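For reference, the structure discussed in these notes is given below.
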Amino acid sequence: MQIAKRMNLLGTETAFEVLAEVNKLKATGKDIISFAIGEPDFNTPSNIIRAGIKSLQEGYTHYGPSVGLLPFRESIARYVSRTRGIKVEPEEVVVTPGAKPMIFFSILACINEGDEVIYPNPGFPTYESVINFVGAQSIPLPLLEEKDFRFDVKILREKISERTRMIIINSPQNPTGGILTEADLKEIASLAISNNIWVLSDEIYCHMVYDGNFRSIISLPGMKERTILLDGFSKTYAMTGWRLGFGVMDSELAANFTRLATNSVSCTATFTQMAGLEGLEGSQKESQEMIREFKTRRDMIVELLNDIKGISCKKPGGAFYVYPNVTEVCRKLKLKDSKELQHYLLYEAGVAVLAGTCFGSKNQEETQEYIRLSYAASRENIREGLRRIKEAVEK
Ligand code: PLP
């Protein structure tokens, strides 16, 4: 049977493959500590679970509007207006099953074949994959360790051409935990405005900023009409399995996103939306406790990593990832690259991490090797996992 050619253009998210490998090893009785998957190890806050159950009992079990339930979109509009300091209307909000469809919809709705889209590298793999899928050119923007995993403005300027239609940004960032500064955002805004470019701002980690305040590009003058803001419930409220995300954009674009939703997912589960409403309007206590715990773990894992010979790790400002430089360790163990180190750590130390190259090919002239660890793991597992890594790489 024939598979469509375009499927060759679509990539994957290696984290899910590693997760399958880890589960297979665990099933054979192997003791594996995993830092591979990017989801909170906390339960969804209890008030949100209760709201979900209540809405199921109240009959929120049917189709809903493709764009999302009005009371929920009103709540999102209030939340975004409050947190980003701009006026958002419910007509500018589209609800999706998880934040990921927002990436798909943004590129499908805004990008033509042959257009160019700039995206962060290393970065969340879906960006590059979907850009390629629609026949556009994916233009990686290197994130640099020496700049705390921000980009060099000069390089960004050079990457913009007449065909650039969109810049994707993600701050706090997956996989590096890096955060763009206000000056970076201003620079992107000014380039986007002068070159008439969309900005897709992936703000899914906006509540996980540990030193200082979160800033969104949509708050800058002239940016609301050209920004697609993506946010969701997976990380902030530990709701990965519920599938709940949303986008904020110009209302005409929102109508186009709604048509994409009608033609693909139909709608987002309505009881999930009612649970999300409680997330935004109800007690933030459990979510805030989780985020405080992530900060403690960040400090802990950075210290433990820097205590291993051959590993150096910058302290990231947000999300729940660290992205240590493991070049020396690879050299010492005669491993070709971080992919081989990922394999070595899984089989020799019983620790699952992801190679930097799971988040995009190496940038030109890049000589360093990195791995990503998610510290959405208990303190006990962080301590034991890091002990195992130290033993396996220092022996
Ligand atoms: N954007 C980034 C940067 C992510 O890291 C993730 C999930 O890992 C998503 C979007 C997708 O989130 P969701 O699970 O809500 O689809």
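Note that ligands are numbered from 1 as they come in the structure, with each ligand's atoms numbered from 1 the same way. Starting from 1, each residue takes its place in the sequence as its number. Please read these numbers as outputs of a predicted model, since none were measured by experiment.
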* **Protein contact of atom 15 (O) of ligand 1 - nearest heavy atom, named by residue and atom, plus distance** => Ser234 OG, 2.6 Å
* When the ring planes of Phe233 and Phe72 are compared, do they come out parallel, tilted or perpendicular, using 30° and 60° as the limits? -> tilted
* Between Ser287 and Gln284: side-chain donor-acceptor atoms closer than 3.5 Å -> no
* Do Asn132 and Ser138 have a side chain donor and acceptor closer than 3.5 Å? -> yes
* To do: Would you please say whether a donor-acceptor pair under 3.5 Å links the side chains of Asp202 and Tyr127?
  => yes
* To do: May I ask which of Arg243, Glu203, Lys100 has a heavy atom nearer to atom 14 (O) of ligand 1 than the others do?
  => Arg243
* Asked: Where's the contact between Ala99 and ligand 1, heavy-atom distance under 4.0 Å: side chain, backbone, both or neither?
  -> both
* Report yes or no: does a heavy atom of Ile204 sit under 4.0 Å from some atom of ligand 1? => yes
* Side chains of Glu203 and Ser201: do they bring a donor and an acceptor to under 3.5 Å? -> yes
* Structure fact -> Counting heavy atoms under 4.0 Å, the part of Tyr127 that contacts ligand 1 is side chain
* To do: Run down the list Asp202, Thr126, Asp231 and name the one with the heavy atom closest to atom 1 (N) of ligand 1.
  => Asp202
* **Check: Arg372/Asn174 side-chain N/O donor and acceptor closer than 3.5 Å** => yes
* To do: Please check if the distance between the ring centroids of Tyr205 and Tyr321 is under 6.0 Å.
  => yes
* To do: Tell me yes or no: between the side chains of Tyr323 and Gln173, is some donor less than 3.5 Å from an acceptor?
  => no
* Tell me, which protein residue and heavy-atom name are nearest atom 6 (C) of ligand 1, and how many Å apart are they? -> Phe124 CZ, 3.4 Å
* Asked: Judged by non-hydrogen atoms, does Tyr205 sit under 4.0 Å from ligand 1?
  -> yes
* Asked: Which of the numbered atoms in ligand 1 are below 4.0 angstrom from a heavy atom of Asn170?
  -> 3 (C)
* To do: Using a strict 4.0 Å cut-off to heavy atoms of Gly98, name the atoms of ligand 1 that fall inside it.
  => 15 (O), 16 (O)
* To do: Return yes when Lys235 approaches ligand 1 closer than 4.0 angstrom through a heavy atom, no otherwise.
  => yes
